[in-house]
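Take this structure, written in structure tokens, and hold onto it; I'll ask about it next.
Order of the sequence lines sets the chain letters (A, B, ...), proteins ahead of strands, with each chain counted from 1. What you see is a predicted model, and the numbers here were worked out from it, not measured in a lab.
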There are 2 protein chains.
Amino acid sequence: MSSATGQARELDLRELKRVCSNCSLKELCVPMGLNRGEVERLDKVVEASRSLHNGDHLFRKGDPMRSIYAVRSGTFKSYVINRDGEEQVIGFHLPGELVGLDAIHPDHHQCSVMALDTASACIMPFSQLSELAASIPGLQRQIMRLLSKEISSMVPRAADTTAEERMSGFLLDLSRRLGERGYSTSDLRLSMPRKDVANYLRLATETVSRVLRRFQDEGWIEVDRRDIRIVDSTALKSMVKGDDGEAQ
Amino acid sequence: MSSATGQARELDLRELKRVCSNCSLKELCVPMGLNRGEVERLDKVVEASRSLHNGDHLFRKGDPMRSIYAVRSGTFKSYVINRDGEEQVIGFHLPGELVGLDAIHPDHHQCSVMALDTASACIMPFSQLSELAASIPGLQRQIMRLLSKEISSMVPRAADTTAEERMSGFLLDLSRRLGERGYSTSDLRLSMPRKDVANYLRLATETVSRVLRRFQDEGWIEVDRRDIRIVDSTALKSMVKGDDGEAQ
DNA sequence: CGGCACTTTGAGATTATTCAAGATAGGTGG
DNA sequence: CCACCTATCTTGAATAATCTCAAAGTGCCG
């Protein structure tokens, strides 16, 4: 979804549709029925990052907030360093997902975001997005929706307390998110080491390893290093106590 | 900040300033330098809830999202019911804080919000706020900031893993938030039972009780039922591993 | 003065962590 | 191509933390 130079606009729009069809940024335009001119104006402010590799940073904590990012390929992790100098993994970001939304408020990034493998991102300068939102009806509301969605998405994780609950919650969450972007929901390739999974789930690395083995022994998953096949998602779901989805 | 009938507008603005001086909703107008007419337009869409009592709901999960709420007095808790039919406390909401921001995205509330004592809230109909945002420069951006702030606020809690870390983190967070609204940072009155604190921190009620006792034995706090005095906040701070606040 | 909800305390069971050691895969240089 | 090296991952045993179950203490309200 790189910005075009002007000619062959029609082609660009087709390319845009292909690459972005599974991207969260598309929610900024498509569903609100923006017209052709509005989509083009929006597209013009989006650029692509260079290719990043394992360990490269998209941005670091404290950097001034200039853009909203959408993962284009690969996986990222966001983290902060705590008072003891230890890393605290906050989340993982899959293709099509947005990153950096927490930084609008203080104008500076609140966490660092690092590539876990070969990865790239789309960059949407926030000031321009902000200006556009003021002039394109519906865009403003869509941005608010995206932010709100981000808030709601943090709720379910809080519910799981035991190692097995957290682990199955993690696998199911990953599976669902991959599915939403058109990937397999049963064959997952973890792009992060066990250490990062453990850190994210607030468990010891050894515990992650043991829980995965337990799940495998039960016949719920098949583990081959970082490849995980979900065999019995129903069993995994019965582990997590997450929100029942019903109104109360 | 109740809507006036028209006359004595000057008085209303003074009353508005008094009641709302510590309120998060004020960030929607004051800092962006809205002019007098804009503030009045904003004020006109805000109304106050009736008085609520312990156990009353501000809204329930699944309710259509019509408004953003700001706690005016008292305390609220937000929660969901999990698949086992157990309550999961998501958070507590103090005077001046916003509630319901997670519901913009799916148009329905994602959790239930209940009063813990005698409480009331300001109600800002979202459709009208949305319309105003389209016509008042800066308001749109302020709303985004509030949403973004909400996202960042969920990060630090994730870091604490042990019961003592969570408990001191909870006390310090409460102390800070009360301080931000002009209350004492050392003398806290918990308006929620131990059970809710425990649930929120994902601990057993007994563990909460024991950790509080341990803190008291160390001379860090004084506990008298739901009144807690923070004697040595430095000691408490040394317990939590939260984000170091520095750029990386 | 009960009754009731909340809170505290104790003892044993469970769960997860830490420490220590071994296994495995991927990359590197000979 | 193979041996080696290092990261990562797994496994085991002992330790520590938290939970569960059970019971007793406390304050509040009718």
Exercise. Under 4.0 angstrom, heavy atoms only, what part of the nucleic acid is B/R213 near: base, sugar-phosphate, or nothing?
Worked result: sugar-phosphate
Problem set entry | Nucleotide forming a Watson-Crick or wobble pair with C/dG10, both distances under 3.5 Å | D/dC21
For this session: Might you work through the ring-ring contact (aromatic ring centres under 6.0 Å, His included) test for A/F76 and A/Y69, ending with a clear yes or no?
Result: CA-CA 11 Å; A/F76 291 85; A/Y69 302 84; 8.7 Å; no
For this session: With heavy atoms under 4.0 Å as the rule, sort A/R166 into base, sugar-phosphate or nothing.
Result: nothing
Exercise. Pick the nucleotide of DNA chain C nearest each of A/E164 and B/T205; which residue has the one closer to the 5' end?
Worked result: B/T205
For this session: Using atom CE of B/M192 as one end and atom P of C/dC6 as the other, report the distance to the nearest whole Å.
Result: 14 Å
For this session: For atom CZ of A/R177, decide whether the heavy atoms of other residues, nucleotides or ligands shown that lie under 6.0 angstrom number more than 12.
Result: yes
Exercise. What's the CG-P distance between A/N199 and C/dT17, to the nearest Å?
Worked result: 12 Å
Problem set entry | Flag if over 12 foreign heavy atoms under 6.0 Å of CZ, B/R226 | yes
Exercise. Does B/T207 put a side-chain nitrogen or oxygen below 4.0 Å from OP1 or OP2 of D/dC19?
Worked result: yes
For this session: Please determine if a side-chain N or O atom of A/R226 lies less than 4.0 Å away from the OP1 or OP2 oxygen of D/dC9.
Result: yes
Exercise. What is the distance from CD of A/E86 to P of C/dT18, rounded to the nearest Å?
Worked result: 10 Å
Exercise. Given atom CG of B/D227 and atom P of D/dT26, what is their separation to the nearest angstrom?
Worked result: 18 Å
For this session: Quickly work out the A/L201 CG to C/dT17 C1' distance and round it to whole Å.
Result: 15 Å
For this session: In whole angstrom, give the distance that lies between atom CG of A/L212 and atom P of D/dT11.
Result: 10 Å
Problem set entry | Pair assignment for D/dC28, Watson-Crick or G-U wobble, requiring both distances under 3.5 Å | C/dG3
For this session: Could you check if the base of C/dA13 is syn or anti? Syn means the glycosidic torsion is within 90 degrees of 0.
Result: anti
Exercise. Can you tell if the side chain of B/I230 reaches within under 4.5 Å of the side chain of B/T185, non-hydrogen atoms only?
Worked result: no
Exercise. Between A/R225 (CZ) and D/dC9 (P), how many Å, whole number?
Worked result: 6 Å
Problem set entry | More than 12 heavy atoms of other groups within 6.0 Å of A/R229 CZ | no
For this session: Would you mind telling me which of D/dT11, D/dT20, C/dT7 lies closest to the side-chain atoms of A/S209?
Result: D/dT11
Seminar exercise, completed: In whole angstroms, the gap separating P of D/dG25 from CD of B/E206 amounts to 17 Å
For this session: Check whether the side chain of A/R214 and the base of D/dT10 form a donor-acceptor pair under 3.5 Å.
Result: no
For this session: State whether the distance check finds a donor on one side and an acceptor on the other, under 3.5 Å, for side chain A/R210 versus base C/dT18.
Result: yes
